[in-house]
Amino acid sequence: MNIDRIISALLLWYNQNKRDLPWRQTRDPYKIWLSEVILQQTRVEQGLPYYLKFIEQYSNIFKLAKAPIDEVLRTWQGLGYYTRARNLHKCAKTIVEQYKGKFPEARSELLKLPGIGPYTSAAIASISFGKKEAVVDGNVIRVITRLFGIEEDISSLKTIKRVTSIAESLITNSNPDIFNQAIMEYGATQCKPNKPLCEECIFMDICISRIKNIQHKIPLKSKKIKKRKRFFNYLVIRFNNRMLMKKRNGNDIWHGLFEFLLLEAESEKDFMELQLPSVLKKFSNYWVLETISPSFKHVLTHQIIDCKFYEIKFSKSITIENYDWFSYEEVEILPKSILIDRYLREKIN
DNA sequence: TATCCGTGGGC
DNA sequence: TGCCCAAGGAT
C-alpha cells in the first residue's frame, strides 16, 4: 500500500475538516495533558465542558497541585473513572515538586507519571514537544485495522503491537503531532465504530475491509463484559438539617467520593430485612423511617446497581465510626457519584 | 493477561 | 430494552 498517499490524503483531509477545539489552539503541555486525560474513554462532547471548567478553575499546574483533592473530585464529578481525577492531582503535585512545574519532554519520562500511560505519553510528547511518537488509541486501532484489513482480535497484545508498528511507519517526520491528531480525528468522525462514512471516505479505493465488505466486523473484539448485579441500600440519616456521610475507599467503585450509610445486600431487601447498625437498634426510640425511595437503577461498565434510599430522621445526635455530619450546603459541595447526586436532585424537586 | 474502573449517547 | 462503545491506565 502506498504509505505516502495515505499520509498526504489524511493530512489534507484534516486540514479541511478538523473541528475547532480549545486544546488544538495550544502546545502548552499542561493543557494538552489535561485534555488527554479528560478524553480517555470519553467523547469530546462529554469532556469539553469539563476541560473548560478545569482550565478556568485551575489555570496552571501550580493551582491544580495546590487544590484539595475533594475539590478536584467535585470538579470531575459526573465524568466517571475517578481514578483519573486522583491521578491527575497526584501527577500535578509530582510535576510541581520534582520537576519545578515543568513537564518532562521525553515520552519515557512522561510514562512514569501517574495516570499517564502509552497513549497519553505519546500524545503529550508529540503535540507539546514535537516528538515523533505515534499514538495508538481506539481511533487509531479502528482506522488501521480497517484500512489494512486486519481481522485479528484486538484484545490480544500481538494485534496491538502490529497496529502500533503500522502507526509508527505512517507517522511523519515533520509535524508528527498533526498526523497523530489527524488519524484520531478521522477515526472519531469518519471511520466511526457504527455506520462508518465509507461512501465519502478518502481511502475508499484502498481500504481492504471496505473492498472485502467487512468494515462492520472490524476491529474484532472477542471478549464481552459480564455485568455483576449489586443491591445498595442507603440510609439517609438526618439530624438538625445535617446528613451523615462518609468517603468511599478501597478498591471498589467511586473511590474518593462521598456517600450515605451503605448496607449492601446479595439480593433485593425490605427495610425490615436489613442488618441495621447497632446504634440504630440502641436508639430505636430516637428515629423514624420517613420515606423509602423508589428503586434507582444505575448501570456501570461491569455492574448494575439496584439502589434504594431510606430516609431516617433522628431526634438525637449519634456517632458512627468513619461517618461525619454535613449541612446541606456542605453536601452540595462534596464530590458524589451521579447516583447519589441524582437522588438528591430528585428529592429537592 | 484479564479485569476493573463511570457515564452518557446511539440504535 | 439491552447492548455497544468512547482521545486508557492500573493492577
Side-chain angles (χ1 to χ4, degrees), chain A residues 18-19 21-24 31-51 73 76-88 90-91 110-124 126-127 134-143 153-161 164 167 177 180-189 191-196 216-217 219-230 248-257 296-305 335-342:
Chain A
K18 68 178 164 190
R19 289 171 289 180
L21 300 168
W23 48 85
R24 292 207 168 123
K31 292 181 179 172
I32 299 300
W33 164 66
L34 193 54
S35 72
E36 294 301 344
V37 174
I38 285 173
L39 291 176
Q40 286 167 8
Q41 299 289 282
T42 305
R43 295 170 203 278
V44 167
E45 308 84 67
Q46 193 186 357
L48 179 57
Y50 286 86
Y51 173 81
L73 280 167
W76 193 272
Q77 180 178 304
L79 246 193
Y81 286 155
Y82 296 91
T83 299
R84 289 186 292 171
R86 286 183 283 113
N87 279 335
L88 192 80
K90 253 193 234 171
C91 184
L110 289 163
L111 210 38
K112 295 176 187 168
L113 296 163
I116 297 184
Y119 164 76
T120 307
S121 60
I124 298 172
S126 68
I127 298 170
V135 298
V136 178
D137 71 334
N139 292 308
V140 177
I141 292 170
R142 192 167 54 254
V143 171
D153 189 350
I154 60 160
S155 305
S156 96
L157 188 60
K158 203 177 123 192
T159 311
I160 300 304
K161 279 185 175 171
T164 303
D177 57 321
N180 277 338
Q181 299 200 69
I183 190 168
M184 288 193 284
E185 184 79 343
Y186 199 77
T189 63
C191 196
K192 300 183 293 182
N194 307 310
K195 292 193 185 178
H216 59 285
K217 298 202 312 196
L220 173 67
K221 227 177 283 181
S222 64
K223 57 178 177 187
K224 51 179 178 183
I225 315 163
K226 279 186 185 171
K227 279 188 175 16
R228 173 167 64 114
K229 281 202 171 184
R230 298 177 76 175
R248 283 180 71 90
N249 48 32
N251 293 325
D252 207 347
I253 55 172
W254 300 328
H255 178 47
L257 306 190
F296 284 67
K297 186 184 173 189
H298 193 79
V299 182
L300 297 87
T301 309
H302 290 79
Q303 308 179 21
I304 299 175
I305 296 168
K336 302 170 291 293
S337 68
I338 286 300
L339 174 59
I340 301 279
D341 197 64
R342 195 155 49 100

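Just so it is clear: chains get the letters A, B, ... in the order the sequence lines come, proteins before strands, and each one is counted from 1.
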Between N or O atoms, less than 3.5 Å apart, protein on one side and nucleotides 1-3 of chain C on the other: list the pairs.
none

Task: From B/dC5, B/dG8, C/dA7, nucleotide with atom closest to A/Val44 side chain - done: C/dA7

TODO: For A/Leu73 and B/dG6, give me the distance from atom CG to atom P, rounded to whole Å.
DONE: 11 Å

TODO: Can you figure out which of C/dA7, B/dC5, B/dT7 approaches the side chain of A/Leu300 most closely?
DONE: B/dT7

Task: P atoms of B/dT1 and C/dA6, separation to the nearest Å - done: 22 Å

Task: Gap in Å between the two P atoms, one belonging to C/dA7 and one to B/dC4, rounded - done: 23 Å

- [ ] Using only side-chain N and O atoms of A/Gln303, determine if any of them is under 4.0 Å from OP1 or OP2 of B/dC4.
- [x] no

Task: Contact check, side chains of A/Phe296 and A/Ile305, non-hydrogen atoms, under 4.5 Å - done: no

Open item on the list: Over all strands shown, is A/Trp76 touching base, sugar-phosphate only, or nothing at heavy-atom distances under 4.0 angstrom?
Closed with: nothing

- [ ] Tell me which of A/Ser155 and A/Tyr82 sits closer to the 5' end of DNA chain B, going by the nucleotide each one is nearest to.
- [x] A/Ser155

Task: Atom P, compared across C/dT11 and B/dG6: separation rounded to whole Å - done: 14 Å

Task: Whole-Å gap separating C1' (C/dA7) and OH (A/Tyr186) - done: 18 Å

Show me the protein contacts with nucleotides 9-11 of chain B, counting only N or O atoms at under 3.5 Å.
none

Open item on the list: When you compare the side chains of A/Arg19 and A/Thr189, does any donor N or O come within less than 3.5 Å of an acceptor on the partner?
Closed with: no

Open item on the list: What is the distance, to the nearest angstrom, from the CD atom on A/Gln77 to the P atom on B/dC5?
Closed with: 19 Å

TODO: Please tell me which of the listed nucleotides, C/dA7, B/dT1, B/dG6, lies nearest to the side chain of A/Leu157?
DONE: B/dT1

- [ ] Indicate whether any N or O donor in one side chain lies under 3.5 Å from an N or O acceptor in the other, for A/Gln40 and A/Tyr119.
- [x] no

Task: A/Leu113 side chain near A/Ser121 side chain, heavy-atom distance below 4.5 Å - done: no

Open item on the list: Check this one for me: any side-chain N or O of A/Trp254 less than 4.0 Å away from OP1 or OP2 of B/dC4?
Closed with: no

Task: Interatomic distance where OH belongs to A/Tyr81 and C1' belongs to B/dT3 [whole Å] - done: 11 Å

Open item on the list: It should be established whether A/Arg142 places a side-chain nitrogen or oxygen under 4.0 Å from OP1 or OP2 of nucleotide C/dA6.
Closed with: yes

Open item on the list: Check this one for me: any side-chain N or O of A/Arg84 less than 4.0 Å away from OP1 or OP2 of B/dG6?
Closed with: no

Please list each protein N or O that sits under 3.5 Å from an N or O in nucleotides 9-11 of chain C, with the distance.
from	atom 1	to	atom 2	distance (Å)
C/dG9	OP1	A/Gly117	N	2.8
C/dG9	OP1	A/Thr120	N	3.0
C/dG9	OP1	A/Thr120	OG1	2.6
C/dG9	OP2	A/Pro118	N	3.3
C/dG9	OP2	A/Tyr119	N	3.1
C/dA10	OP1	A/Gly115	N	2.6

Open item on the list: B/dT7, OP1 or OP2 - any side-chain N/O from A/His298 closer than 4.0 Å?
Closed with: yes

Open item on the list: Take a 6.0 Å sphere around NZ of A/Lys229 and say whether it holds more than 12 heavy atoms from other residues, nucleotides or ligands.
Closed with: no

